[in-house]
Amino acid sequence: MKRNSGLRNVFAVGLLVFAFLVVPGAQLRAEEEKPTGDITAAVLSQYIWRGYELSRNSVVIQPSMTIGYKGFTANLWGNLDTKPYSPASANYASAWNETDMTLSYSKTLGLFTVGGGYIYYSLSSLNKDAADRHDSQELFATVGLNTLLSPTLTIYKEIDHYRNWYFLLGVSHVFELHKMVSLKLAASASYLLSTDADSYPKFDSNALPTTDKFSNFHDGIMSASLPVKVTDRVTITPTLSYIFPLSGDAKDEMKGYGLKGTVPSERDSSYLIGGIMASFSF
């Protein structure tokens, strides 16, 4: 297992950002803009990130804290796998295997909302016997249209270990069913452009890595959620998502990186995930 210095650095920077955004805000006059915040806990049936299976046959718990002020946002997010998967049916204890810190800024300019930011991923092995994972860092830029379906394009550039570009186009719409209940439908499609064949190779039809770099459409997501405002500050949100490959290359790659069993070609490449989130805003 790797040392926890990366994780400590994430929390240290997160606390500094929290202090920078919140403490001055407490001294603002009532008429001035104040910091906003949100604490969320999600309980999901599986953890899938950009089409990659990072848990299996276990519930994951994902807490998150967000602070915002005048367009600037700081977020801390983590993942707890309650029963890490083992193809050999080993009985592993629950594992906290990821902590992410995101710093971003966004601004509305007429019809457009533009922004950008930085993400630090502090990663550890998926179970105590699995291979260690390198930490990752990304820069991203985003532009959205403030119109029907809110189309948004986000471009991510990994700058640390897993060298790639990831392009994500998403749309969404919210239907108000009641003053306390709404239905949100969303969909996204991505393109993965690898710049390093070692970290993001193309996979063959047997779901085995080749010496070529991956460059193709990657994962798609369709999701539905039902936010229910319990109070002005508390929201409960059931959610359901379907994740699937957008190309044959993506299908082979998602199988190759999957967790099921020991035969890559027999692994899954699409996933149906359900769960519930509880959030408190302040």
Side-chain angles (χ1 to χ4, degrees), residues 38-66 75-87 92 94-100 102 119 121 123-127 130 133 136 150 152 154 156 166-175 181-192 207 217-228 235-247 250-261 264 266-279:
D38 179 90
I39 296 174
T40 299
V43 179
L44 303 174
S45 59
Q46 195 173 16
Y47 177 26
I48 306 294
W49 179 78
R50 295 183 183 175
Y52 301 119
E53 185 180 34
L54 299 180
S55 74
R56 185 175 181 83
N57 299 338
S58 70
V59 170
V60 294
I61 301 172
Q62 299 176 341
S64 173
M65 180 179 72
T66 304
N75 172 266
L76 280 176
W77 177 97
N79 181 74
L80 173 69
D81 191 342
T82 61
K83 188 180 179 182
Y85 176 75
S86 166
Y92 293 117
S94 60
W96 184 279
N97 52 35
E98 183 174 344
T99 303
D100 302 343
T102 303
I119 308 173
Y121 302 86
L123 307 173
S124 60
S125 57
L126 296 181
N127 63 59
R133 297 186 295 166
S136 176
S150 304
T152 302
T154 306
Y156 299 87
Y166 185 79
F167 304 86
L168 182 67
L169 178 63
V171 295
S172 64
H173 190 72
V174 177
F175 301 88
V181 183
S182 58
L183 172 65
K184 180 179 180 180
L185 301 179
S188 65
S190 67
Y191 190 98
L192 175 63
F217 288 98
H218 199 252
D219 60 291
I221 304 176
M222 295 187 298
S223 65
S225 58
L226 194 71
V228 179
T235 302
I236 304 296
T237 307
T239 182
L240 185 67
S241 299
Y242 178 61
I243 303 163
F244 55 97
L246 293 177
S247 65
K251 181 178 181 179
D252 294 333
E253 189 220 26
M254 289 160 68
K255 284 187 174 184
Y257 283 123
L259 300 179
K260 179 183 176 182
E266 296 178 357
R267 293 172 180 162
D268 298 331
S269 61
S270 58
Y271 309 93
L272 184 64
I273 300 173
I276 191 167
M277 295 182 292
S279 62

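Note that the coordinates shown come from a computational prediction; the quantities given were computed from them, not determined experimentally.
Defined by atom type and a distance below 3.5 Å, a donor-acceptor pair is missing between the side-chain atoms of Asn97 and Ser124. Counted by atom type alone, Tyr47 and Glu98 present one or more donor-acceptor pairs between their side chains at under 3.5 Å.
Between Gly51 and Met254, the shortest heavy-atom contact is O-CE, 3.3 Å. When all heavy atoms are compared, the tightest approach of Pro84 to Ser94 is CD-CA, 4.0 Å. Scanning both residues, Gly261 and Pro87, for their nearest heavy atoms gives O-CB, 3.8 Å. When all heavy atoms of Ser55 and Ser58 are compared, the pair lying nearest together is CB-OG, 4.2 Å. Taking each heavy atom of Ile48 and Leu54 in turn, the nearest pair found is CD1-N, 4.5 Å. Here the shortest heavy-atom pairing between Ile61 and Val43 reads CG1-CG2, 4.5 Å.
Take Pro264 and apply the side chain to side chain contact (heavy atoms under 4.5 Å, CB included) test, not counting sequence neighbours, and it matches Ala207, Leu208, Arg267. Legend: residues meeting side-chain hydrogen bond (donor to acceptor under 3.5 Å, both in side chains) with Asp38, ordered by chain and number and at least two apart, are Thr40.
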For residues 268-278, which side-chain N or O atoms pair as donor and acceptor with protein atoms under 3.5 Å away, sequence neighbours left out?
{"unit_1": "Asp268", "atom_1": "OD2", "unit_2": "Arg56", "atom_2": "NH1", "d": "2.9"}
{"unit_1": "Asp268", "atom_1": "OD2", "unit_2": "Arg56", "atom_2": "NH2", "d": "3.3"}
{"unit_1": "Tyr271", "atom_1": "OH", "unit_2": "Asp268", "atom_2": "O", "d": "3.1"}

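A distance of 8.0 Å separates OG of Ser223 from CG of Leu185, quoted to the nearest 0.5 Å. Considering CD1 of Ile221 and OG of Ser241, their distance stands at 6.5 Å, rounded to 0.5 Å. Leu44 CG to Thr239 OG1: the interatomic distance, rounded to the nearest 0.5 Å, is 7.5 Å. For the atom pair Asp100 CG and Ser136 OG, the distance stands at 9.0 Å (nearest 0.5 Å).
Side-chain N or O atoms of Asp219 include none that pairs as donor or acceptor with a backbone N or O of Ser190 at under 3.5 Å. For the pair Asn79 (side chain) and Thr99 (backbone), a donor-acceptor distance under 3.5 Å is absent. Distance alone, capped at 3.5 Å, places no donor-acceptor pair between the Ser182 side chain and the Val174 backbone. Looking at Thr152, its side chain does come within 3.5 Å of a backbone N or O of Ser150 through a donor-acceptor pair.
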Is there a side-chain contact (heavy atoms from CB on, under 4.5 Å) between Leu192 and Glu253? Walk through the geometry before answering. CA-CA 11 Å; Leu192 175 63; Glu253 189 220 26; 3.8 Å; yes
Mind running side-chain contact (heavy atoms from CB on, under 4.5 Å) on His218 and Leu246 for me, showing each step along the way? CA-CA 5 Å; His218 199 252; Leu246 293 177; 5.9 Å; no
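Annotation: side chain of Leu126 is in contact with side chain of Leu259 (closest heavy-atom distance under 4.5 Å). Considering only heavy atoms from C-beta on, Met222 comes within 4.5 Å of Phe244 through its side chain.
Of the residues listed (Trp49, Trp77, Tyr156), the one engaging Tyr121 in a ring pair (Phe, Tyr, Trp, His ring centres under 6.0 Å) is Trp49, and it is the only one.
Within 6.0 Å of CZ on Phe217 lie no more than 12 heavy atoms contributed by other residues, nucleotides or ligands.
Ring geometry, Tyr257 versus Tyr52: the interplanar angle exceeds 60°, so the pair is classed perpendicular (tilted spans 30 to 60°).
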